[in-house]
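Scroll down for the structure; my scribbles are underneath it.
Numbered from 1 within each chain, the chains take letters A, B, ... in sequence-line order.
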Number of protein chains: 2
Amino acid sequence: MQKFNQSLQAYFNLNENDLVKIASYFKSETIEKDDYFLHAGNQCKKLSFINDGILRIYMTIDRKEITQWISTSGYFVTEISSFMFETPARWEMQALSKTTLFTISKENYERLNQEIENWHLIEKAFISKCFAMLEDRVFSHLSMTAEERFEFFFSQNKALFNEIPQQYIASMLGMSPETLSRIRNKQLTK
Amino acid sequence: MQKFNQSLQAYFNLNENDLVKIASYFKSETIEKDDYFLHAGNQCKKLSFINDGILRIYMTIDRKEITQWISTSGYFVTEISSFMFETPARWEMQALSKTTLFTISKENYERLNQEIENWHLIEKAFISKCFAMLEDRVFSHLSMTAEERFEFFFSQNKALFNEIPQQYIASMLGMSPETLSRIRNKQLTK
DNA sequence: TCCATTTCTTGACATAAATCAAGAAAACAT
DNA sequence: ATGTTTTCTTGATTTATGTCAAGAAATGGA
């Protein structure tokens with residue numbers, strides 16, 4: 001819970017009162033390895049902070065799984081569209097390891113708007129940050145080679161490479177597992 | 001202004017009162033061909049609806065211009081991060097043709113929050129839609145070939161191909177102008 | 001600990017797409 | 001209209017990356 005509070009604070013720059021109130025709505029929850037946080041088609045009714053563990057967000061298309069994102073400890077996870085508009089989720093979200101979360105239900109989330117002054121600002125900041133992150137990702141595909149995308153991601157997420165199958169990282173970066181393997185090998189011998 | 005009102009309505013599902021109030025804050029504005037809506041480094045202080053014309057959003061990196069997006073009549077344009085958080089803009093936004101806009105200043109935009117009930121919901125919907133659009137774009141780079149990205153974009157934006165240099169579309173889709181030219185040629189003879 | 005399963009690596013080869021260059025076509029300015 | 005500039009097309013070639021396949025390594029379960 002310590003880590004969660006600190007992250008809430010760091011993300012949203014809250015005062016003590018608000019921090020406590022917000023945190024009180026988040027309930028601890030565990031997902032076993034290979035179990036699902038969310039299935040495509042269902043409505044995403046929760047927003048969670050990953051306390052420990054790893055979730056993979058993916059979609060299956062033509063029998064191929066496309067990994068859209070891998071979310072790790074210290075980050076929030078939800079499917080924004082589904083959570084905000086109560087539409088069916090488009091992504092599968094599966095735990096790659098036993099994962100502990102702090103989760104707020106959609107119901108309680110709605111209450112924050114009444115209870116926290118300027119909650120809408122916090123909410124806006126959250127979504128906008130997610131937007132900016134995706135903007136960078138699009139840009140990386142327009143302006144970088146597979147190798148450059150690898151380098152950048154690796155520099156920011158070294159630990160991840162020992163924790164999950166590399167094929168998922170490859171997919172997320174838009175390259176085949178073989179290409180990632182070769183690039184990685186090349187980097188090591190540099 | 002007709003088109004603008006209809007689009008506002010369609011985007012945000014407003015009642016007559018709110019619609020009129022919101023629309024009243026948007027002022028007509030014109031940008032000549034090749035002039036800039038926004039320069040990187042400056043703060044983006046406006047949110048605009050494109051009534052007519054075309055804007056190109058791009059960044060120059062290693063002497064190469066990467067076109068991130070091309071925004072056309074009927075859509076809104078701003079740099080979300082810069083507009084929301086008053087940070088320096090990262091993108092250049094230039095008119096590819098004489099462009100007429102309806103623009104709301106950041107200042108007036110802030111007023112909407114007091115004046116329109118549930119404005120925060122409208123705002124959230126707006127940003128979330130932008131987010132979902134980018135999510136699709138990332139996905140297109142993970143799961144589609146250049147040819148498939150072309151086909152999809154072309155099917156949705158046929159007119160654009162006669163209105164602006166194709167090199168910009170190519171960049172936006174993450175391919176060289178030559179590749180786009182070849183794909184296009186191939187499609188025509190199919 | 002051992003076996004089964006999954007994942008990773010590597011080589012050979014195929015393919016998509018980039019680059020370079022030159023001429024054609026189109027757009028623009030005078 | 002004419003010349004100038006920009007953009008587009010096309011061919012030749014190179015490069016990056018994908019695919020397939022097989023063995024090696026790692027992982028996970030009994």
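- One can place CD of Glu32(A) at 16 Å from C1' of dG29(D), the figure rounded to the nearest angstrom.
- Protein atom CG of Asp34(A) is 10 Å distant from nucleotide atom P of dT7(C), rounded to whole Å.
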Sequence neighbours left out, cut at 3.5 Å: what donor-acceptor pairs do the side chains of residues 30-41 of chain B make with other protein atoms?
from, atom 1, to, atom 2, distance (Å)
Tyr36(B), OH, Tyr58(B), OH, 2.5
His39(B), ND1, Glu92(B), OE1, 2.9

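- Cation-pi contact between Lys124(B) and Phe126(B): absent, since separation from the ring centre below 6.0 Å together with deviation from the ring axis within 45° is not met.
- Summarising the geometry, the separation between CZ on Arg184(B) and P on dA26(C) is reported as 12 Å, rounded to the nearest angstrom.
- A straight line from CD1 of Ile164(B) to P of dA26(C) spans 18 Å, rounded to a whole angstrom.
- Computed from coordinates, the Asn162(A) CG to dC8(C) P distance equals 11 Å when rounded to whole Å.
- Per the geometry, CD belonging to Glu148(A) stands 14 Å off C1' belonging to dT17(D), to the nearest Å.
- Gln6(B) and Tyr11(B) share no side-chain donor-acceptor pair at under 3.5 Å.
- For the pair His141(A)/Leu142(B), a side-chain contact is recorded, criterion being any heavy-atom separation below 4.5 Å from C-beta on.
- Nearest-nucleotide positions on DNA chain C for Arg149(B) and Lys33(B) put Arg149(B) closer to the 5' end.
- The separation between Phe150(B) atom CZ and dA16(C) atom C1' is 16 Å, rounded to whole Å.
- Rounded to whole Å, atom P of dT17(D) lies 20 Å from atom CE of Met144(B).
- Ion pair Glu135(A)/Arg90(B) flagged as a salt bridge, since at least one NZ, NE, NH1 or NH2 atom sits closer than 4.0 Å to an Asp/Glu carboxylate oxygen.
- Minimum atom distance to the side chain of Thr145(A) is reached by dT17(D), of the listed dT17(D), dC8(D), dT10(D).
- The shortest side-chain heavy-atom distance between Leu19(A) and Leu8(A) falls under the 4.5 Å cut-off.
- Panel note: side chain Lys106(A), backbone Phe83(A); a donor-acceptor pair is recorded below 3.5 Å.
- Near DNA chain D, meaning a heavy atom under 4.0 Å away, the residues from residues 166-183 of chain B are Gln166(B), Gln167(B), Glu178(B), Ser181(B), Arg182(B).
- The side chain of Asn185(B) places an N or O atom within less than 4.0 Å of a non-bridging phosphate oxygen (OP1 or OP2) of dT10(D).
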